[in-house]
Amino acid sequence: MSDRLLAGRAAVVVGGSRGIGAAVATLLARCGAGVVVNGREPAAVEATVAGILGAGGRAVAHAGSAADEAVAAELIACCEREFGAVDTLVNCAGAAEPSGSSILSVTADEFRDLIDVHLGTVFATCRAAAPKMVARGRGTIVNTSSFAFLGDYGGTGYPAGKGAVNGLTMAIAAELAEHGIRANVVCPGAKTRLSTGAEYERHIAALRARGLLDEVSAQGALDAAPPEYAAPIYAYLVSDLASKISGQTFIAAGGFVGRFERPSPTLIGYRDHHDSPPWSVDEIAAMLA
C-alpha cells in the first residue's frame, strides 16, 4: 500500500486510543492522513498520538465519550481546526457485555449503557460529521460492528447495539449517496483487551459447551490475530480505491477477509390481496413447516 494513499486527508478515529482503533489511527496516519484520536481515557489517547507523532505522522488527541453530542461535535470541529476539514470518520468504540450477562440477568441500566456506547456513539458522531461532509460534497464513514450481532456470542446490549450500527450505517449510505458520501461497516476479529484474559476464555468455553459456537469459531475467538491485521480494510474503505463501495458490511479477522451479503427476502407464498382473503393460520403453517 502506498504510504501516501491518504495524503492531504483528515480523519477522526473514535475509540482510537486502544486495540483496533489505535491500529486504524496509526495506519491512517502512516498513509498520510492527519488524525484526531479519540478515546475515553486521556492517557491512552495521548500514548497513541505520541506513537503516531514519533513515527513522523500527524495526529492530535481529543479525549471524552463521543456518545456525548457535545464531545462528538467538538471532535469534528477539532479536525477542521487542525487539518482543514473532515474527510473521514471511523468509529471503533466498544465496551464488553457484563460478565455472564443474558436476557435473564442484564439490568435495564446495563443494557442502555451498552446501546449508548455502540449505537449512541455512532449516531452522535455521524450526526456531527454528515452536514460537514455534505457541504463539501465528499466524505467517508466506516463504522465498526461485530459478528456478535448474529447472537452467537450471547449477550444482549452488545449484539443489539452492533446490529443497530449495521442498520444505521446502511441507512446513512443510502441517504447520503447523492452527496458523494460513502458509509460501510467492518466486523473485525482481533486480540484486544476485550478478547483476552481468563474471564473471556471462560465465556468462550461456556458458549461452546452450550452449542452457541462451533469448534472452529471458538478456537478463532481464542487465537485471534493482533489488531494490525484488521486495520488495512479500514484504510482501503476510506481511500479512493474504494470509491464505488458503499452500504456494505465486511469482515476482517486475522487472515480472513469476507463480506456479509445484503439480506434479501425469499418468496414462500403469495396471493393478491385485491381478490383473495388473508392467509389462514393453517395455510401459513403448511407453507412454513
Identified side chain to side chain contact (heavy atoms under 4.5 Å, CB included) counterpart of Val186 within the set Thr169, Ile20, Val142: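 Among Thr169, Ile20, Val142, the one that satisfies the side chain to side chain contact (heavy atoms under 4.5 Å, CB included) with Val186 is Val142.
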
Does the distance from a Lys or Arg side-chain N to an Asp or Glu carboxylate O, for Arg40 and Asp68, drop under 4.0 Å?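 Answer for the salt bridge query: no.
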
Could you check whether Glu69 pairs with Arg127 (Lys NZ or Arg NE/NH1/NH2 to Asp/Glu carboxylate O, under 4.0 Å)?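 Answer for the salt bridge query: no.
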
Please give the remaining members of the hydrophobic cluster of Leu104, linking ILVMFWY side chains under 4.5 Å, ordered by chain and number.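 Its cluster partners, ordered by chain and number, are Ile103.
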
Would you mind listing the cluster partners of Tyr229? Hydrophobic ones only (ILVMFWY), side-chain contacts under 4.5 Å, chaining allowed.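 Other cluster members: none.
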
Give every donor-acceptor pair under 3.5 Å between a side-chain atom in residues 281-289 and any protein atom, sequence neighbours left out.
residue, atom, partner, partner atom, Å
Glu283, OE1, Arg271, NH1, 3.3
Glu283, OE1, Ser280, N, 2.8
Glu283, OE1, Ser280, OG, 3.3
Glu283, OE2, Arg271, NH2, 3.2

Evaluate the side-chain proximity of [Y] to [X]: yes if any heavy-atom separation is below 4.5 Å, no if none is.
X      : Y      : result
Thr140 : Leu237 : no
Thr249 : Ser145 : no
Val90  : Val238 : yes
Ile172 : Ile141 : yes
Met170 : Arg262 : yes
Leu150 : Pro159 : no
His62  : Glu74  : yes
Val12  : Thr88  : no

Pair Thr121, Asn91: side-chain N/O donor-acceptor within cut-off below 3.5 Å: no

Side chains of Thr48 and Ser17 only: does a donor on one sit below 3.5 Å from an acceptor on the other? no

Between CD of Gln248 and CZ of Arg182, what distance do you get to the nearest 0.5 Å?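 Spacing of CD (Gln248) from CZ (Arg182) equals 10.5 Å.
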
Interatomic distance, OG1@Thr156 vs CD1@Ile115, rounded to 0.5 Å, equals 8.0 Å

Taking the six-membered ring for Trp and the single ring otherwise, decide whether the centroids of Phe250 and Tyr234 are under 6.0 Å apart. no

So, does Arg30 use its side chain to make a donor-acceptor pair with the main chain of Gly57 at under 3.5 Å?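 Checked: no pair found.
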
Does Val14 share a hydrophobic cluster with Val122, counting links as ILVMFWY side-chain heavy atoms below 4.5 Å and allowing steps through other members? yes

ILVMFWY cluster, Phe149 and Val165 together (side-chain gap under 4.5 Å):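 Shared cluster, no.
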
Could you pull out the closest heavy-atom pair between Ala72 and Ala128, with the gap in Å?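 Scanning both residues, the minimum pair turns out to be O-CB, 3.9 Å.
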
